[in-house]
Number of protein chains: 2
Amino acid sequence: MTSKSTMREVAGKAGVSIATVSRVINSPDEVPTETVERVRAAMRYLNYRPNINGRRLKMAQTRSVGVLVPTMANPVFATSVQGIEQAAHEDGLTVLLTSSNYDPQRELGAVSTLLNNRVDGLILTLANADDNPVIDLLKAENIPFVLLFNQPARTDVASISVDNARSAYDMTQAMIAQGHTSLAMVAGRFESSDRSKQRFDGFGQALSDAGLGAARLCQVGFGETELFTPLKSFLTGPDAVTGLVCSTDMLAIAAISACRDHGLSVPGDVSVGGIDGIAVGGLISPKLCSAIQPTQEMGQQALAFLRGLIRGQANPQSLILPHQLSTGESIGPARHSSSPRL
Amino acid sequence: MTSKSTMREVAGKAGVSIATVSRVINSPDEVPTETVERVRAAMRYLNYRPNINGRRLKMAQTRSVGVLVPTMANPVFATSVQGIEQAAHEDGLTVLLTSSNYDPQRELGAVSTLLNNRVDGLILTLANADDNPVIDLLKAENIPFVLLFNQPARTDVASISVDNARSAYDMTQAMIAQGHTSLAMVAGRFESSDRSKQRFDGFGQALSDAGLGAARLCQVGFGETELFTPLKSFLTGPDAVTGLVCSTDMLAIAAISACRDHGLSVPGDVSVGGIDGIAVGGLISPKLCSAIQPTQEMGQQALAFLRGLIRGQANPQSLILPHQLSTGESIGPARHSSSPRL
DNA sequence: ACTGCCAATGTAAACGTTTCAAATGTTCAT
DNA sequence: ATGAACATTTGAAACGTTTACATTGGCAGT
């Protein structure tokens, strides 16, 4: 009774054919109760467990979806995966998880593995959604997929995201409204994240609309939490800023920490805003001011959307969800500029 | 060229038999270079993609592992999954991800699904590792598995964890060393997490060893971040504590937030310590003092361990990794007890 | 020229399902 | 009795692999 018994054995035990056993499994209503019971009893007795791989080989669908995220180490993605997993569970779908570590090279490999697994569809967060061999591959193979967090310019792919430029724009404007005129953005590398670039664009637009000159940028590697050195020239000296707009909440939290290490208070000396809306942002002090996106719901929606695509009931389409500026404590009035730090 | 071409078509195109194609895929060295090239060319031409399900049906192994965690929303688990995924990727293994939401009911269902998928092995974080039908099932089916974070009393299962009681003990002792005599533990529900219980035991032991009376407990639901009300009676009034030992870092961060909302400073009025060592703890202010476990590495090790079990090269065994008390700022000297709060 | 060997390849039988078409009853009106 | 209509059930052929075993042909040794 260790494990593997087959439909054939169950059929033998129950005195029916494997076709009947199959029907008991897949459409018990078409089989007389008495037979169903007999077969079920045999299954229990033999400890039968259907071999999904047998079924998958035979059927067109595998009832599995592939998920690719940059990393689980960032709560944004972890939370979205939580949403995906939850929705998948409710649908009886199996989730195959991969991560790219923000490396476009690995994206292609990971997706290829997923395709070999014959997943019914994919949910992806890519480094760059507009010019990406992964998308070409998926298009060519004609397999349903939904981009999550990516906000592609092309309109022939499904995506669920917030308006990245706009969320950065709003956050920047909130700072400007507090009197900040000397701002910089802290952002992840553009080649690793198109969101990063889009958010920087929004930042620049807000500055330009307010007549505030060129956008300054502090670009850092992903996964980086040590921002003391990268931010040094932005926080000290004659060009010191009074506000930092960060392209992600993780960066914002790291930036606040770096400010502290430079002996600056937030928001007293420097205001810091993030984008993403990770849960921990609401618990720390100062409470992080962020452009919040409904991360977990986005994951759930992505799966629902994907299901539609798989069933052929939906067309690729971009869903831009509203973001919401949180009332955080990490942003305050600009420190008067006549008392520069050194 | 949409997608699905089979080995048979490749064989036809290359003018060989499917056996040869299979050999080219699995052991190219046993096939003359010239033939390998011809077959590979046919594969490229036909856009061939091996159907893993065909292979899985035939072979004993599926080269996939199942992962079950309580939730992705807690960075501890997300980070461990990151470690697992990374190691799995290096091994060419596919990861099937499920989460239980801390619900023992769902644990069984999730594992059952994983088993239907014929995973080669499992990595699990269970609510309760000592008396759990999931473990009985896995034992009965004789399928390799490694518990992660769980620290079972039984010695016949493989596990990777820290010494939970000890880490709570050490944290508590660190507070006592700072003069704290009135402490309470904030912990997740024991029925949802045996770690929680073990850590509470360590907490109690430390108090008892220091002759400090009964252990007080504030038990909260998992995922809970609103601790203002639950902690009210611990933070105010005649029985107010000067220190909170929290069973997880997430709880500790939430507890610090709750203290703030009660108008108490950390560590000025109340010291707060956590257990887990999530990354964000090191970035917040005050820097969270925690009993740190190498979360991501534990995930990687769990996979390496599991691989050994699958190959039959290793025996189930408990790995207790050392934890490390971080030098956090969230713990300070006890506020003098002659000025009680109300 | 025969034998024996070896390298290269092919044949065919699984693996555990699903599902179509066909077979076997059963019931009932004629 | 006969056969139509129907409810149950079955046989058998896939699905795309892997692999034990058989076949082929070339070549060296005698």
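Just so we're on the same page: letters track the sequence lines, and every chain starts at 1.
Residues A:Arg38 and A:Arg8 each lie close to DNA chain D; by heavy-atom proximity, the contact nearer the 5' end of the strand is made by A:Arg38. Each of B:Val16 and A:Arg23 has a nearest nucleotide on DNA chain C; the 5'-most of these lies closest to B:Val16. Along DNA chain C, the nucleotide nearest B:Gly15 and the nucleotide nearest B:Lys58 are compared for position; the residue whose nucleotide lies closer to the 5' end is B:Gly15.
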Verdict with reasoning, B:Asn150 to B:Leu124, per side chain to side chain contact (heavy atoms under 4.5 Å, CB included): CA-CA 8 Å; B:Asn150 289 115; B:Leu124 315 161; 5.6 Å; no
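Rounding to the nearest 0.5 Å places OG1 of A:Thr79 at 10.0 Å from CG of B:Asn74. Atom CG of B:Leu68 and atom CG of B:Leu114 lie 7.5 Å apart (nearest 0.5 Å).
Atom P of nucleotide D:dG16 and atom CG of A:Asn117 are separated by 16 Å, given to the nearest angstrom. Whole-Å rounding puts the A:Glu30 CD to D:dT10 C1' distance at 15 Å. Taking atom CD1 on B:Ile18 and atom C1' on D:dA14, their separation rounds to 14 Å, with Å as the unit. Separating the CG atom of A:Leu57 from the P atom of D:dA13 is a distance of 17 Å, rounded to the nearest angstrom. Atom CD in B:Gln61 sits roughly 17 Å away from atom P in C:dC15 (whole-Å rounding). As a whole-Å value, the separation of B:Arg63 CZ from D:dT17 P is 18 Å. Between B:Arg55 atom CZ and C:dA14 atom C1' there is a gap of 17 Å when expressed in whole angstrom units. The nearest whole Å value for the distance from the CZ atom in A:Arg49 to the C1' atom in C:dT17 is 16 Å.
Residue A:Thr20 has no polar side-chain atom (N or O) positioned under 4.0 Å from OP1 or OP2 of D:dT9. The phosphate of D:dT18 has OP1 or OP2 within less than 4.0 Å of a side-chain N or O from B:Ser22. Under 4.0 angstrom from either OP1 or OP2 of D:dT9 there lies at least one side-chain N or O belonging to A:Thr35.
Checked options B:Ile320, B:Leu303, B:Leu321; the residue passing with B:Ile160 is B:Leu321 (criterion: side-chain contact (heavy atoms from CB on, under 4.5 Å)).
If you check distances only, the side chain of B:Arg118 never reaches the base of C:dG16 with a donor-acceptor pair under 3.5 Å.
Ring geometry for A:Phe149 versus A:Phe77: interplanar angle over 60°, hence perpendicular rather than tilted (30 to 60°).
Closest heavy-atom contact between B:Ala11 and B:Ile18: CB-N, 3.7 Å.
A salt bridge does not link A:Glu9 with A:Lys13: every distance from a Lys NZ or Arg NE/NH1/NH2 to an Asp or Glu carboxylate oxygen is 4.0 Å or more.
A:Ile52 comes within contact range of no nucleotide atom at all, as no heavy-atom separation falls under 4.0 Å. Contact annotation for A:Ile25: no contact, since no heavy-atom pair falls under 4.0 Å across all strands. Note on B:Asn53: nothing from the nucleic acid sits closer than 4.0 angstrom, heavy atoms only. Among the heavy atoms of the strands lying under 4.0 Å from A:Met59 are primed sugar atoms or P, OP1, OP2 only; no base atom is included. Counting any heavy atom pair closer than 4.0 Å across all strands shown, B:Arg56 reaches no nucleic acid atom.
A:Arg56 and A:Asn117 form no side-chain donor-acceptor contact under 3.5 Å, judged by distance and modelled atom types alone.
Among the nucleotides D:dT9, C:dT17, D:dT17, the one closest to any side-chain atom of B:Asn51 is D:dT17. Checking D:dT10, C:dA12, D:dC15 against every side-chain atom of A:Ser17, the shortest atom distance belongs to D:dT10.
Between its opening and closing five pairs, the helix from C:dA1-D:dT30 to C:dT30-D:dA1 changes axis direction by 60°, a value rounded to 10 degrees.
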